[in-house]
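Residue numbering restarts at 1 for every chain, and letters A, B, ... go by the order of the sequence lines.
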Amino acid sequence: MSLTAIVIDSLVGACLLASLLKDREKTASALRIALNAVKRMGPSVLAVIAVIGLIVGFIPAKWVASTIGSEKGALGLLIAAALGSVLFIPALIAFPLAKSLLDMGAGLMSMAAFITTLTMIGFVFLPLEIRELDRRFALLRNGLSFLVALAIALIMGLIL
Amino acid sequence: MFLASSIAAFTVLSLLYRDRGSRALRISWEYFQEMVFILPAVMILMGLFAVWVKRETVVRYLGEESGLPGLLVSILLGTLPTGPLYVAFPLAAMLLKKGARVANVMVFLSAWACIKLPLELMELQFLGWKFTFLRLGLTVALVIPMGLAGEALYRSGRAVKAEGVDVSDGGMECGRGD
């Protein structure tokens with residue numbers, strides 16, 4: 001168990017305790033919501049764990065490094081950002097996936113761009129966003145988000 | 001479905017290539033262990049937020065504010081985990097109709113989309129403190145100019161009064177509550 005996990009678990013534990021002291025009923029329903037979320041997310045979390053195993057076990061690290069590796073520069077960055085915009089993976093399971101790709105030699109910038117476009121841009125959601133808001137707003141937001149994702153990735157690449 | 005097909009693929013490939021299969025299994029097991037320690041905490045935090053933070057509150061505070069406080073409020077409210085992005089679209093539409101700033105709504109949606117406090121626990125666990133805080137800090141710093149730019153572009157296209165936009169990048173830290 002990593003240090004990060006210990007810190008996080010104890011923080012959440014403290015929140016839970018505070019909530020329990022304040023309102024028993026509400027805490028119980030919070031736990032019910034949590035249990036339902038685990039049930040709902042559980043299968044896809046397990047599936048992604050299996051997929052990560054498959055990717056790391058079967059895809060040669062060379063491939064990953066040669067498409068989205070750091071030495072690929074701008075092209076790798078663009079590929080990762082584009083993948084993130086099109087794919088629909090819940091952020092919850094995108095983080096471990098990003099880590100496995102990083103371990104296989106994917107560039108740090110590429111992964112930062114991937115995570116940011118993955119969460120901010122939803123091709124799947126675009127029709128819905130256009131219907132609920134309007135076309136101009138939706139296209140502007142998604143387009144600008146793509147640029148912001150690239151900017152974040154570039155700055156992170158410079159700093160880290 | 002997804003689970004069944006990935007497990008099927010796992011089994012078939014592992015039987016075909018024994019050595020790679022065992023490596024894949026080992027890696028999956030490692031990730032499973034990491035998940036087990038973090039996932040319940042993430043879900044419990046989501047549940048607590050769902051119970052203690054009402055969606056109506058989010059709407060109320062996003063209302064008519066403008067200026068930097070309004071933008072910051074938009075970010076903070078966006079980070080509260082009150083549902084997936086598509087839940088936020090009708091909310092955003094309602095805010096726009098009520099006369100909220102386009103920049104506020106754009107910032108709100110972006111924060112809603114990419115900064116979810118419970119999910120950031122996952123990012124911490126898997127990608128580390130440096131990566132997480134740097135990415136979040138940059139996101140917060142860049143999303144504000146993005147909202148303002150978006151607003152300017154949106155308005156100029158609409159031929160509504162296009163006013164000078166002060167793109168100030170405060171470089172503020174991301175607000176992180178327990």
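Contact of the B:Y154 side chain with the A:D134 side chain is registered, since non-hydrogen atoms from C-beta on lie closer than 4.5 Å. Within the 4.5 Å cutoff, the side chain of A:K26 has heavy atoms near those of the B:W52 side chain. Contact annotation: the side chain of B:L119 never approaches that of A:T119 to less than 4.5 Å [non-hydrogen atoms, C-beta and beyond]. In this structure the side chain of A:I8 never reaches within 4.5 angstrom of the side chain of B:F37, judged on heavy atoms.
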Validation: residues 140-157 of chain A side-chain donor-acceptor distances under 3.5 Å, sequence neighbours left out:
unit_1 : atom_1 : unit_2 : atom_2 : d
A:R141 : NE     : A:E129 : OE2    : 2.7
A:R141 : NH1    : A:M120 : O      : 3.3
A:R141 : NH2    : A:M120 : O      : 3.3
A:R141 : NH2    : A:E129 : OE1    : 3.2
A:N142 : ND2    : A:E129 : OE1    : 3.2
A:N142 : ND2    : A:A138 : O      : 2.8
A:S145 : OG     : A:R141 : O      : 2.6

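Residue A:L160 is grouped with residue A:L77 when hydrophobic side chains (ILVMFWY) are merged at heavy-atom distances under 4.5 angstrom, including chains of intermediate members. A:L158 and A:L108 fall into different hydrophobic clusters, where Ile, Leu, Val, Met, Phe, Trp and Tyr are joined by side-chain heavy atoms under 4.5 Å apart, directly or via other members.
Neither the backbone nor the side chain of A:L139 comes within less than 4.5 Å of any heavy atom in chain B. Of the two parts of A:L31, only the side chain, counted from C-beta on, holds a non-hydrogen atom closer than 4.5 Å to a non-hydrogen atom of chain B. In this structure, chain A has no heavy atom under 4.5 Å from any part of B:V36.
Counting all heavy atoms, side chain and backbone alike, B:A41 lies closest to A:D9 at CB-OD1, 3.2 Å. Residue B:V51 comes nearest to A:S29 through the heavy atom pair CG2-OG, 3.5 Å, listed as atom of the first residue, atom of the second, then distance.
Panel note: side chain A:R136, backbone B:L153; a donor-acceptor pair is recorded below 3.5 Å.
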Side chain to side chain contact (heavy atoms under 4.5 Å, CB included) between A:L102 and B:F126, worked out = CA-CA 10 Å; A:L102 269 180; B:F126 283 98; over 6 Å; no
Between A:K99 and B:Y31, does a side chain to side chain contact (heavy atoms under 4.5 Å, CB included) hold up when you go through it step by step?
-> CA-CA 10 Å; A:K99 175 169 191 287; B:Y31 274 87; 3.7 Å; yes
Begin with the C-alpha distance, continue with both residues' side-chain angles, and end with the deciding distance and a verdict on side chain to side chain contact (heavy atoms under 4.5 Å, CB included) for A:I115 and B:L127.
-> CA-CA 11 Å; A:I115 291 174; B:L127 297 171; 3.4 Å; yes
Check the pair B:L109 / A:L133 against side chain to side chain contact (heavy atoms under 4.5 Å, CB included), numbers first and verdict last.
-> CA-CA 11 Å; B:L109 276 181; A:L133 295 153; 3.8 Å; yes
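Most heavy-atom pairs under 4.5 Å with chain A, from the set B:L39, B:V143, B:L134: that is B:L134. Here B:R135 is the residue among B:R23, B:M122, B:R135 with the most heavy-atom pairs under 4.5 Å with chain A.
Partners of B:W29 according to the ring-ring contact (aromatic ring centres under 6.0 Å, His included) rule, which considers only residues two or more places apart in sequence or in another chain, are B:F32.
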